[in-house]
2 protein chains.
Amino acid sequence: MDEISTAGEAARDELIVSFGRLLGVAGRLGHILGRAIEQEFGISHLMYEVLLILGRAGEPGLSMGAIAREQVLTTGGVTRLIDRMEAAGLVARAEDPGDRRGRLVRLTPRGDDVAVRASRLHLANIERYFLEPLPVAHRQRFLDDLRILSHAARDALPPLH
Amino acid sequence: MDEISTAGEAARDELIVSFGRLLGVAGRLGHILGRAIEQEFGISHLMYEVLLILGRAGEPGLSMGAIAREQVLTTGGVTRLIDRMEAAGLVARAEDPGDRRGRLVRLTPRGDDVAVRASRLHLANIERYFLEPLPVAHRQRFLDDLRILSHAARDALPPLH
DNA sequence: GGGAAATATCTGATGCGTCAGATTCTGTTG
DNA sequence: CAACAGAATCTGACGCATCAGATATTTCCC
């Protein structure tokens with residue numbers, strides 16, 4: 001910080017610094033983790049997100065719209081991402097027996113395997129980059145706080161399209 | 001599911017859930033804050049990042065390469081983003097007197113104004129979405145922990161290009 | 001039952017970031 | 001001081017997400 005500054009500038013700097021702290025963490029976290037996954041498994045960050053979403057959903061799979069509603073992509077984007085994931089053998093589209101407009105997307109065995117192994121890598125990276133620098137006594141509470149925030153943020157988020 | 005795979009399945013779910021918690025927070029944070037800025041000020045998330053970077057740098061401005069080194073964009077991306085920001089009147093490019101290859105980028109008064117007002121909006125949103133759900137007694141320590149993590153993550157990050 | 005409104009998915013146009021290579025300048029070195 | 005390695009920036013090709021609109025199907029209600 002700059003010790004020679006007017007009160008107004010100091011207040012402004014405080015705003016910017018406080019902000020940068022938070023957004024910087026989020027952005028850097030995403031970059032580090034996304035990059036590692038890409039290099040190791042050849043899949044994009046968004047593909048990984050969708051693998052996790054499908055893994056959590058289990059049988060009988062999810063509709064395209066349900067994936068979009070998880071707020072990582074628009075519906076148009078889901079169509080194209082699933083196209084590529086299908087071509088890569090990670091997921092399969094099937095008719096929805098109850099609605100001829102819809103398709104059900106589910107993990108292939110290969111997709112499930114990648115999801116599990118990528119999760120392990122991510123978790124290791126999270127521990128390494130994010131938990132390790134923290135004092136041991138802080139770690140559990142920090143994780144708990146993150147979970148609280150995660151739920152609150154999800155509820156507050158406007159739809160993506 | 002048969003009993004042999006049960007333990008493995010549980011471990012796998014645990015991994016996925018733990019991960020989703022952390023990445024979900026980061027991703028959702030970025031989305032919420034980025035979207036609000038875009039709607040209010042008509043600038044992208046990355047433009048906002050660059051406004052902050054330039055605001056922190058002060059006079060005499062930063063080179064294109066220095067902006068890229070802040071790890072939000074590649075050098076090619078910086079060129080194009082600064083093109084647009086210049087067209088929008090947020091920044092100005094000037095010759096670098098000491099190196100005729102380089103340009104120095106600095107905020108225009110308008111860019112400075114947007115940076116300050118956008119920061120205020122962001123800070124308000126951070127408090128609303130991120131701090132408010134937390135117990136009061138946790139807030140300060142949570143912010144402190146975030147700052148620790150931010151620095152650690154920055155040091156560990158590989159270059160962007 | 002029949003048609004309007006809603007819903008699910010897909011697609012054309014567009015915007016923007018990345019990558020790799022081109023261009024222009026600097027600094028070193030023989 | 002010429003030449004060449006290295007650095008700063010810019011640009012063409014490309015990938016991928018978004019937006020808006022098109023198509024197919026279902027639901028609602030008269």
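Lettering follows sequence order; numbering is per chain, from 1. Hydrogens, waters and symmetry mates play no part in the numbers below; they use all other heavy atoms, side chains included.
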**Complete:** Taken to the nearest whole Å, CD1/A/Ile82 to P/D/dA17 is 11 Å
**Asked** Do B/Arg139 side-chain atoms and B/Leu134 backbone N/O form a donor-acceptor pair below 3.5 Å?
**Response** yes
**Complete:** Between CD of A/Gln39 and P of C/dC19 the distance, given in whole Å, is 10 Å
**Message:** I'd like to know if B/Asp96 pairs up with B/Arg100 as an ion pair, taking the criterion as any Lys NZ or Arg NE/NH1/NH2 lying under 4.0 Å from an Asp or Glu carboxylate oxygen.
**Reply:** no
**Message:** Does C/dT18 have OP1 or OP2 under 4.0 Å away from a side-chain N or O of A/Arg35?
**Reply:** no
**Complete:** Closest of D/dT9, D/dG6, D/dA24 to the B/Thr75 side chain is D/dT9
**Selection from C/dT9, C/dT18, D/dT18 that lies nearest to any side-chain heavy atom of A/Thr74** = D/dT18
**Prompt:** Near B/Arg141 CZ, under 6.0 Å, is it more than 12 heavy atoms from other residues, nucleotides or ligands?
**Reply:** yes
**Request:** Please state how far atom CG in A/Leu73 lies from atom P in D/dC19, giving the value in whole angstrom units.
**Result:** 11 Å
**Item:** Separation of D/dG15 C1' from A/Ile43 CD1 (nearest whole Å)
**Value:** 17 Å
**Asked** Do B/Arg106 and B/Glu59 sit within salt-bridge range, that is, some charged N less than 4.0 Å from a carboxylate O?
**Response** yes
**Request:** Calculate the interatomic distance between B/Leu81 atom CG and D/dT11 atom P; express it in whole Å.
**Result:** 15 Å
**Message:** Suppose we call a contact any N or O donor and acceptor under 3.5 Å apart; does that hold for the side chain of A/Arg101 and the base of C/dT7?
**Reply:** yes
**Message:** Counting the atoms with a prime plus P, OP1 and OP2 as sugar-phosphate, which does A/Gly77 contact under 4.0 Å by heavy atoms, base, sugar-phosphate, or nothing?
**Reply:** base
**Message:** Measure CZ/A/Arg103 against P/D/dA24 and give the value in whole Å, please.
**Reply:** 14 Å
**Asked** Between the main-chain N or O of A/Asp112 and the side-chain N or O of A/Arg117, is there a donor-acceptor pair closer than 3.5 Å?
**Response** no
**Message:** What is the distance, to the nearest angstrom, from the CE atom on B/Met64 to the P atom on C/dT18?
**Reply:** 13 Å
**Request:** Nearest-nucleotide wise, let me know which of A/Leu46 and A/Arg100 is further upstream toward the 5' end of DNA chain D.
**Result:** A/Leu46
**Prompt:** When you measure from the side chain of A/Thr79, which nucleotide among C/dC16, C/dT9, D/dA17 comes out closest?
**Reply:** C/dT9
**Asked** Across the strands shown, which category fits A/Arg80 at heavy-atom distances under 4.0 angstrom: base, sugar-phosphate, nothing?
**Response** base
**Request:** Measure from CD on A/Glu38 to P on C/dC19 and round the result to the nearest Å.
**Result:** 9 Å
**Asked** With a 4.0 Å cut-off on heavy atoms, is A/Asp99 in touch with a base, just the backbone sugar-phosphate, or nothing at all?
**Response** sugar-phosphate
**Prompt:** Does A/Arg84 place a side-chain N or O at less than 4.0 Å from the phosphate oxygens OP1/OP2 of D/dG15?
**Reply:** no
**Message:** Among C/dT9, D/dT25, C/dA8, which nucleotide has an atom closest to any side-chain atom of A/Arg69?
**Reply:** C/dA8
**Fill in**
The answer to which of A/Ser63 and B/Gly76 contacts DNA chain C further toward the 5' end, by nearest nucleotide, is A/Ser63
